[in-house]
Amino acid sequence: MRAILIGPPGAGKGTQAKVICERYGIPQISTGDMLRAHKAKGTELGLKAAEFMSKGLLVPDQVVIDMVEERLKQPDAQKGYLFDGFPRTVAQAESLDGSLSRLGTKLDGVVLIEVADDLLVERVCGRRTDRRSGQIFHLKYNPPPPDADLEQRADDREETVRDRLRVYHDQTAPLIPYYEGRGLLRRVDGVGELAAVTERVLNALSRE
Ligand code: AMP
């Protein structure tokens, strides 16, 4: 399985990707998680990326493309993977197409998780991650256990979320016609119980 999850911030890509990767036994490739790991380690790449991330802007294409090319060479990525948060621009998608054809592989599907904008701000602002497990919760919709060690992502505050939504519509939404034109896009309603959305994503991925 080689697939992509796309959707606006707060659509549930990260949460769904974790469940789906476990079911398929494939790695989740989240460029957001990779960039946050660089930032936490204080690498040069991490420090450069943080300037863009804190403003809700996209990190320059080449930085992300190089990072993904390296990731695709790792042994665990040879039997499949699920991208979450990559590609985010048409330039990244074109570069991925080039990498895949050099590797002699192709994508099985691209799932778009759709959620209306006005729901997204509330979803993202209530989101918290457990530092220990990496599990994602929502203070209202998916409450964490009392002993969770919670943190809020620096870019999950309201003003930044609105900027990220604008960036999604301007720079990432053009991927919808891009993958639709290649016969790869499957749309899934991202509103509802977490498990119900997982079922929809799994169905979309198993569709020919
Ligand atoms: P995410 O965790 O996917 O919401 O990503 C958090 C932030 O990391 C984004 O708002 C961007 O600043 C940056 N980022 C993650 N993935 C990409 C990507 N594919 N291209 C550019 N920037 C990215």
Side-chain angles (χ1 to χ4, degrees), residues 2-18 20-21 27-41 43-72 77 81-100 107 110-113 115 117 119-131 134-138 151-176 178-179 190 201:
R2 292 181 178 82
I4 296 175
L5 285 187
I6 49 178
K13 299 185 296 293
T15 306
Q16 296 298 338
K18 283 195 174 56
I20 287 151
C21 287
Q28 171 191 2
I29 305 187
S30 159
T31 44
D33 285 351
M34 292 163 81
L35 292 167
R36 279 186 290 278
H38 270 283
K39 186 182 152 201
K41 273 195 243 154
T43 66
E44 196 180 321
L45 190 158
L47 296 177
K48 184 174 173 203
E51 288 173 32
F52 296 91
M53 294 167 81
S54 64
K55 297 186 192 123
L57 300 174
L58 295 185
V59 171
D61 284 332
Q62 203 55 48
V63 173
V64 179
I65 288 169
D66 291 347
M67 202 173 69
V68 169
E69 286 227 334
E70 276 309 303
R71 183 66 187 84
L72 289 180
Y81 41 78
L82 181 63
F83 280 119
D84 138 30
F86 176 88
R88 257 192 168 84
T89 63
V90 169
Q92 292 179 18
E94 285 168 348
S95 157
L96 177 64
D97 282 345
S99 304
L100 292 176
L107 291 170
V110 177
V111 176
L112 169 66
I113 305 184
V115 178
D117 277 9
L119 276 180
L120 292 168
V121 176
E122 193 198 3
R123 276 195 180 192
V124 177
C125 294
R127 178 156 75 178
R128 298 292 183 278
T129 310
D130 185 340
R131 282 195 189 84
Q135 212 181 325
I136 305 161
F137 295 98
H138 188 282
E151 69 181 344
Q152 183 180 32
R153 274 174 46 174
D155 57 349
D156 276 355
R157 297 177 204 276
E158 185 159 348
E159 320 76 67
T160 320
V161 174
R162 292 193 188 280
D163 290 334
R164 287 163 62 201
L165 267 175
R166 259 193 297 277
V167 166
Y168 173 79
H169 289 295
D170 289 351
Q171 292 178 263
T172 306
L175 293 178
I176 299 168
Y178 181 91
Y179 286 121
V201 176

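What you are looking at is a predicted structure, and each value in this text was computed from that prediction instead of being measured. Whatever order the structure lists them in is the order used to number ligands and atoms, beginning at 1.
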Notebook entry, point to check: Are any non-hydrogen side-chain atoms of Asp33 and Arg36 less than 4.5 angstrom apart?
Noted result: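 Result yes, sub-4.5 Å side-chain heavy-atom pair found.
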Item checked: Side chain to side chain, Lys18 and Ile136, heavy atoms closer than 4.5 Å ->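 With C-beta onward as the side chain, the pair touches.
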Next item on the list: Could I get the full list of side chain to side chain donor-acceptor pair (under 3.5 Å) partners for Glu94, not counting sequence neighbours?
Entry: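 With sequence neighbours excluded, Glu94 shows a side chain to side chain donor-acceptor pair (under 3.5 Å) to no residue whatsoever.
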Next item on the list: Please name all residues satisfying side chain to side chain donor-acceptor pair (under 3.5 Å) with Asp130, sequence neighbours left out, ordered by chain then number.
Entry: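 Here no residue qualifies.
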Next item on the list: Apply ring-ring contact (aromatic ring centres under 6.0 Å, His included) to Tyr168 and list each qualifying residue two or more places apart in sequence or on a separate chain.
Entry: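 For Tyr168 there are no ring-ring contact (aromatic ring centres under 6.0 Å, His included) partners, ignoring immediate neighbours.
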Next item on the list: For Lys55 and Glu51, run salt bridge (charged side-chain N to carboxylate O under 4.0 Å, His left out): C-alpha distance rounded to whole Å, both residues' side-chain angles, the deciding distance at 0.1 Å, then the answer.
Entry: CA-CA 7 Å; Lys55 297 186 192 123; Glu51 288 173 32; 5.4 Å; no
Quick one: ligand 1 N/O to protein N/O pairs below 3.5 Å?
from: ligand 1; atom 1: 2 (O); to: Arg36; atom 2: NH1; distance (Å): 2.9
from: ligand 1; atom 1: 2 (O); to: Arg36; atom 2: NH2; distance (Å): 3.0
from: ligand 1; atom 1: 2 (O); to: Arg153; atom 2: NH1; distance (Å): 3.2
from: ligand 1; atom 1: 2 (O); to: Arg153; atom 2: NH2; distance (Å): 3.4
from: ligand 1; atom 1: 3 (O); to: Arg88; atom 2: NH1; distance (Å): 3.1
from: ligand 1; atom 1: 3 (O); to: Arg88; atom 2: NH2; distance (Å): 3.1
from: ligand 1; atom 1: 4 (O); to: Arg88; atom 2: NH2; distance (Å): 3.2
from: ligand 1; atom 1: 4 (O); to: Arg153; atom 2: NH2; distance (Å): 3.1
from: ligand 1; atom 1: 4 (O); to: Arg164; atom 2: NH2; distance (Å): 3.4
from: ligand 1; atom 1: 5 (O); to: Arg88; atom 2: NH2; distance (Å): 3.4
from: ligand 1; atom 1: 12 (O); to: Leu57; atom 2: O; distance (Å): 2.6
from: ligand 1; atom 1: 16 (N); to: Thr31; atom 2: OG1; distance (Å): 2.8
from: ligand 1; atom 1: 16 (N); to: Gly85; atom 2: O; distance (Å): 3.4
from: ligand 1; atom 1: 16 (N); to: Arg88; atom 2: NH1; distance (Å): 3.0
from: ligand 1; atom 1: 19 (N); to: Thr31; atom 2: OG1; distance (Å): 3.4
from: ligand 1; atom 1: 19 (N); to: Gly85; atom 2: O; distance (Å): 3.0
from: ligand 1; atom 1: 19 (N); to: Gln92; atom 2: OE1; distance (Å): 3.0
from: ligand 1; atom 1: 20 (N); to: Gln92; atom 2: NE2; distance (Å): 2.9
from: ligand 1; atom 1: 22 (N); to: Val59; atom 2: N; distance (Å): 3.1

